[in-house]
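Working notes for the structure below.
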Amino acid sequence: MKTENEMNNNGQKTPAAGNGTRKPNFRHKNYKYKAQPKKDGQKSSQEGRPAKGNYKPQFRSQGKPALKRPRKNNNGSRLKIIPLGGLEQIGMNITAFEYEDSIVVVDCGLAFPEDDMPGIDLVIPDITYLKENISKVKGFVITHGHEDHIGALPYVLKEVNAPIYSTKLTLALISNKLKEHNLTKSTRLKEVKHGQVINLGDFAIEFIKTNHSIQDASALAIYSPVGIVVHTGDFKVDYTPVFGDAIDLQRFAEIGRKGVLALMCDSTNAERPGFTMSERTVGHVFDNLFNEYKTARIIIATFASNVDRVQQIINTAYRFGRKVAVEGRSMVNVITTAAELGYLRVPDQTLIEIDQVKNYPDEQLVLITTGSQGESMAALSRMAANIHKKITIKPNDAIIFSSHPIPGNEKAVSKVINELSMKGAKVIFQDAHVSGHACQEEIKLIYSLVKPKYAIPVHGEYRHLTAQKLVAQELGYSNDNIFILKSGNVLEIDENSAAVTGSVHTGAILVDGLGVGDVGNIVLRDRQHLSEDGIMIVVMTLERHSNVVLAGPDIVSRGFVYVRESEDLMDHAREVVEMALDGCLDKGITDWSKIKAAVKDALSDYVWKRTKRSPMILPIIMEA
């Protein structure tokens, strides 16, 4: 059955390829598919048509026969791979692929603030390079619906408005974000099925089915005039997924036989040997835990986007005769969207509203909540701190952390666990989670199937990228063919060579409330200073012409010392300021900036000698 969900370059609808086909749903003027020559004994499924899987992208110049493989020496251009974020960190994944006048952007994610970013809500990538080349940007291609891959889209689209291509659930989650930012009408969302190919400028991009901790995850085969680049996205090899099909290893192998120029592979679990366990194994753990805590109210914290995990919790709760309540705005949004699209199956009369929890005994309840990473305003953290309006933790509660702390969140998670334990709850955090990322043996499997010429580890901190480099070396790849990039590096690549030839401007844009980019390093430094040592404000009034002191100096302190218990310190500080002020006036100094500097230096020296602290000192001179 054909669908009409894609637009060609002229804005006309064209039939999209069905699931599992290799036909592009629209054709670039210099792009076409050509059947590979049949081997002896190979028969096509239909006379005059090549068998499934034998399509291969071909690029040709006007009036010339199609080449067997795209070759760079047609025009001398090379493919540029430019990571604008996501390397040497977890999160903020965004990579630009550029060939001549075409740029395709893969993913557009955010990162969460570090401990040294007080008051910051989100961190998004600096897309200066895309803004400078906006006419080349053909679209955003999104691998899956996690925040570190879609979270920056509402901010980036305001600067670079290009179509977004992705699978059904991913687009629905993106659409929810765009509604919050009133961008729905101005953004073009294009749904793509696994196995389908889209044409964007000089590129053709095929979506390949993979498994991850969210459904509808995809790898990408990026066909360019110089060769094929395979981008795995976030993936694992799960032969028994909870929902849908297993990863399409057959397609990886088919593409590998065509010849792959480069593989950009997920590195998150590259330090871990072996295989990642199937998501289904968590269901067995839930069965055991529900059986063990039959009389307790069960509260399970997990990632909002892990629909498969939520499905298994609901299935287990239904088998044990429990009602399920969902708490946390992001959790409610994802579950509602997934259920509407058919990715989540909820038995009748199983879900209840959070307000109805008080109407059921503990042994008939399961709560699914956000907060598995210790986020201060997430539902579970508010329950632990006794500030949740509707749920109070009881001594009999069994609380299951169905997640592992993301690097950097360990302290926050530990704090929540301690607070819950102090209230008498039983906290379980072992064996109730499996990763959504591939371990070493799965990474080796993908390399063995794809057989790339060049290896480009992506998605992870430097140690993760290095771990994948070691895996590639075990498989026989030389150092010269493995590239560990930094954000901003420009890797130019073709059939004959690859090299980092330069860099572009990248960085982090800080989002604080409604402000995007208005908080920089100086503001952050001031916030850190205030949080560590507090502030002292010195206020004085001088006559306009004579600079005679009419009032003050008065000192106001916040976050430095408790003034009522430090009157002696404040009195001496005032005397120091008066002496510095008199010294300036005696020398005939009338420049207020010099007076402020003298007051600040004198007070800073005194406070340091008395307290060994360095509060921010802010002199204010008023004129009368």
Side-chain angles (χ1 to χ4, degrees), residues 80-98 103-114 116-117 120-134 136-137 139-162 164-166 170 174 177 212 217 220 222 229 231-235 262 264-268 270 406-408 437 456-466 468 483-491 500 502-512 516-517 519-521 524:
K80 295 179 182 177
I81 300 175
I82 310 171
L84 300 176
L87 297 182
E88 300 180 330
Q89 67 181 129
I90 299 293
M92 212 163 76
N93 297 286
I94 176 171
T95 305
F97 293 81
E98 180 176 354
I103 292 178
V104 171
V105 184
V106 173
D107 291 329
C108 189
L110 55 76
F112 292 103
E114 305 286 343
D116 59 354
M117 298 179 180
I120 300 303
D121 300 321
L122 305 169
V123 184
I124 62 175
D126 187 328
I127 56 157
T128 300
Y129 184 76
L130 296 182
K131 289 191 285 186
E132 291 172 351
N133 296 275
I134 191 168
K136 296 183 179 181
V137 179
F140 293 90
V141 180
I142 310 298
T143 57
H144 65 281
H146 278 154
E147 288 291 326
D148 59 334
H149 293 259
I150 68 170
L153 277 171
Y155 304 97
V156 171
L157 287 170
K158 293 172 184 176
E159 306 278 353
V160 180
N161 193 342
I164 300 172
Y165 298 85
S166 196
T170 307
I174 292 170
K177 289 187 161 298
H212 187 42
L220 304 173
I222 302 169
V229 177
H231 190 300
T232 65
D234 292 5
F235 83 102
M264 304 177 73
C265 186
D266 180 8
S267 304
T268 311
I406 293 171
H437 297 272
I456 309 171
V458 294
H459 199 285
E461 298 172 0
Y462 188 80
R463 62 191 177 96
H464 301 129
L465 305 181
T466 304
Q468 186 180 141
F483 292 90
I484 296 184
L485 303 179
K486 297 180 180 178
S487 295
N489 283 167
V490 178
L491 176 66
V500 176
S503 62
V504 302
H505 175 75
T506 58
I509 303 294
L510 307 180
V511 179
D512 184 1
V516 179
V519 175
N521 291 334
L524 272 186

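- Residues Asp234 and Thr143 form no side-chain contact, since every pair of their non-hydrogen atoms from C-beta on lies 4.5 Å or further apart.
- Not a single donor-acceptor pair under 3.5 Å links the side chain of Asp107 to the backbone N or O of Gly109.
- Taking the six-membered ring for Trp and the full ring otherwise, the centers of His459 and His231 sit at least 6.0 Å from each other.
- Of all heavy-atom pairs spanning Asp266 and Gly233, the tightest one is CB-O, 3.3 Å.
- No donor-acceptor distance shorter than 3.5 angstrom exists from the side chain of Asn93 to the backbone of His149, with no hydrogens or angles considered.
- Within the 4.5 Å cutoff, side-chain heavy atoms of Ile94 are placed close to those of Leu130.
- Nearest heavy atom pair, residue His464 against residue Ala270, reads O-CB, 3.6 Å.
- Nearest approach of Lys131 to Val160, heavy atoms of both residues: CG-CG2, 4.0 Å.
- Ser267 is linked by a side-chain hydrogen bond (donor to acceptor under 3.5 Å, both in side chains) to Gln468, counting only residues two or more places apart in sequence or in another chain.
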When you look at Ile164 and Leu157, which way does the side chain to side chain contact (heavy atoms under 4.5 Å, CB included) test go after all the steps?
CA-CA 10 Å; Ile164 300 172; Leu157 287 170; 3.7 Å; yes
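- Of the residues listed (Ile509, Val504, Leu84), the one engaging Asp126 in a side chain to side chain contact (heavy atoms under 4.5 Å, CB included) is Ile509, and it is the only one.
- With a 6.0 Å radius and a threshold of 12 heavy atoms from other residues, nucleotides or ligands, Lys486 has its NZ atom at or below the threshold.
- Listed by chain and residue number, nothing satisfies the side-chain hydrogen bond (donor to acceptor under 3.5 Å, both in side chains) test with Ser503 (two or more places apart in sequence, or in another chain).
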